[in-house]
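What follows is a single structure, written as structure tokens, with notes after it.
Lettering follows sequence order; numbering is per chain, from 1. All heavy atoms count here, side chains included; hydrogens, waters and symmetry mates do not.
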2 protein chains.
Amino acid sequence: MQVDVDTKPASPFRTRAEKAQEREQKRDAVLTAAVRMFNARGFHATSLDDVAASLGISKPTIYHYLGNKEQVLIECVTRGLEPLRIAAEQAQSEGGRGIDRLRRFLIAYARTNMDDFGRCMVRTGDELLSPASAAEIRARKSEIDKTLRALIADGIADGTIAPVDVKMSAFAIAGALNWPARWHDPSGPSGPQDIAVALVDTLIGGLAPRPPV
Amino acid sequence: MQVDVDTKPASPFRTRAEKAQEREQKRDAVLTAAVRMFNARGFHATSLDDVAASLGISKPTIYHYLGNKEQVLIECVTRGLEPLRIAAEQAQSEGGRGIDRLRRFLIAYARTNMDDFGRCMVRTGDELLSPASAAEIRARKSEIDKTLRALIADGIADGTIAPVDVKMSAFAIAGALNWPARWHDPSGPSGPQDIAVALVDTLIGGLAPRPPV
DNA sequence: TAAGCAATATACTCATCAGTAGATTTACGG
DNA sequence: CCGTAAATCTACTGATGAGTATATTGCTTA
């Protein structure tokens with residue numbers, strides 16, 4: 001336990017902490033392999049045998065680490081949701097003009113929707129989950145939505161956002177920023193950051209021309 | 001063949017046309033039942049036995065009318081796409097300011113994305129289809145997207161739309177207007193028309209305040 | 001009136017896949 | 001050094017569901 005995990009080279013004798021970390025890494029590897037296949041082929045079209053094979057392990061090993069197939073999905077969705085939760089928390093704690101706080105939040109939101117777990121999170125609808133888990137996930141997504149609406153309302157209050165319909169604007173924004181989960185190609189020319197900025201600026205600026213100030 | 005189908009009361013002897021129509025109606029009934037279940041439970045979680053049972057018929061009858069399960073889905077998606085194709089055609093043939101043509105098109109687009117077939121169309125990703133059908137559907141969706149981009153470009157050209165990034169704006173719009181396919185509740189308080197108008201106006205106006213003219 | 005076709009059913013087959021049983025190996029703690 | 005727990009495997013079970021074989025009935029047409 002006095003060993004410095006980060007510097008010591010591999011020894012055949014692992015400490016408790018190292019073992020816990022190794023276990024965590026294996027769980028991660030399973031989830032990463034799974035989420036890629038879910039995104040590429042869909043949840044139902046992906047068998048855990050396939051996931052296991054892609055890692056050179058056997059299906060019971062996945063059950064050992066994650067319990068069952070739904071748990072694998074829930075864990076992926078949770079990981080996709082986590083950065084949003086953090087971004088929401090941060091947006092609510094910081095100061096500044098409403099529009100600026102919203103903009104920062106939206107760019108983070110859009111970006112994470114383009115990574116593996118974010119894409120899975122967006123694409124996982126209630127119908128893939130048991131009623132209990134669906135409710136759980138829905139509640140967490142709803143927290144994000146609440147933050148989004150609060151940020152819009154704040155901006156309206158301080159005059160940095162036009163007096164729009166908060167609920168509908170939130171839906172429009174969410175839709176626009178979730179959509180890349182379907183179409184974004186990580187091997188394509190534009191990176192997540194550029195896309196995020198472009199989408200957010202489109203939403204903020206609108207299509208109608210603005211008279212020059 | 002000389003019988004007026006619309007006025008004559010039912011007779012046990014059907015003309016050829018009546019029979020063709022009856023067949024069409026049965027096909028419709030199958031598709032409608034199927035699309036509702038696809039939307040409610042997802043494609044993979046819906047068995048054709050379930051669909052058949054909900055109509056009080058047997059599975060081979062569905063195969064008689066539609067060939068196989070993928071064909072059922074393709075037909076549903078096609079029906080969801082058709083109104084969009086028509087709206088696109090119309091938008092391109094009509095005159096007027098770019099922004100107005102775009103606005104009309106977008107409202108039609110948003111509305112059809114909230115009906116049964118439209119929702120199915122939006123929610124059916126490539127992963128549910130065979131490569132050949134996926135390509136076919138993708139091509140048709142891409143036609144709609146081309147129209148959308150053309151309308152935006154037209155509006156920019158005639159000065160009724162700000163000089164935005166056409167491709168990104170199209171993605172933002174599509175995302176915002178597809179999203180109701182996931183969340184819209186037909187039994188809820190707001191109807192498709194109201195939602196469509198609200199979303200489109202949000203996209204056109206943007207979030208940033210406009211100086212009073 | 002026989003042949004053929006449309007519409008429908010029952011009762012299968014066959015593949016896939018989630019999940020489990022149980023064996024085996026290794027490492028660790030007492 | 002033995003017993004326990006973790007990690008992993010092979011080899012199942014059992015359910016589900018797509019798709020088919022085949023029979024039946026009745027209408028249409030030569």
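- One can place NZ of B:Lys59 at 17 Å from P of D:dT22, the figure rounded to the nearest angstrom.
- Atom CG of B:Leu73 and atom P of D:dA18 are 12 Å apart (whole Å).
- Straight-line distance from the CD1 atom of B:Ile57 to the C1' atom of C:dT8: 9 Å, rounded to whole Å.
- Summarising the geometry, the separation between CD on A:Gln25 and C1' on D:dA7 is reported as 16 Å, rounded to the nearest angstrom.
- Using a distance-only test at 3.5 Å, with no hydrogens or angles considered, no donor-acceptor pair links the side chain of B:Thr147 to the main chain of B:Ala88.
- Interatomic distance, B:Leu129 CG to B:Phe43 CZ, rounded to the nearest 0.5 Å: 7.5 Å.
- Take the nearest nucleotide of DNA chain D for A:Pro60 and for A:His64: the residue whose nucleotide is more 5' is A:His64.
- Note: CG (B:Asp49) to C1' (C:dT13) measures 14 Å, nearest angstrom.
- Looking at B:Asn178, its side chain does come within 3.5 Å of a backbone N or O of B:Ala174 through a donor-acceptor pair.
- The phosphate of D:dA6 (OP1 or OP2) has no side-chain N or O of A:Arg23 nearer than 4.0 angstrom.
- Residue-level contact check: A:Tyr63 touches the bases, meaning some heavy atom is under 4.0 Å from a base atom.
- Nucleic acid contact for A:Ser58: base, since at least one base atom lies under 4.0 Å from a heavy atom of the residue.
- For the pair A:Thr61 and D:dC9, the criterion of a side-chain N or O lying under 4.0 Å from OP1 or OP2 is met.
- For A:His44 and D:dG17, the NE2 to C1' distance is 13 Å, given to the nearest whole Å.
- In this structure, B:Glu70 atom CD and D:dG17 atom P are separated by 18 Å, rounded to whole Å.
- We find that CD1 of B:Ile62 is positioned 19 Å from P of C:dA6, with the value rounded to whole Å.
- Contact annotation for A:Lys26: backbone-only contact, meaning every heavy-atom pair under 4.0 Å involves sugar-phosphate atoms and none involves a base.
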*Hey, mind stepping through A:Phe117 and A:Leu81 against side-chain contact (heavy atoms from CB on, under 4.5 Å) and telling me if it holds?*
CA-CA 8 Å; A:Phe117 292 108; A:Leu81 228 25; over 6 Å; no
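- Using cut-offs of 30° and 60° for the angle between ring planes, the B:Phe171 and A:Trp183 rings count as parallel.
- For the pair A:Tyr65 and D:dT8, the criterion of a side-chain N or O lying under 4.0 Å from OP1 or OP2 is met.
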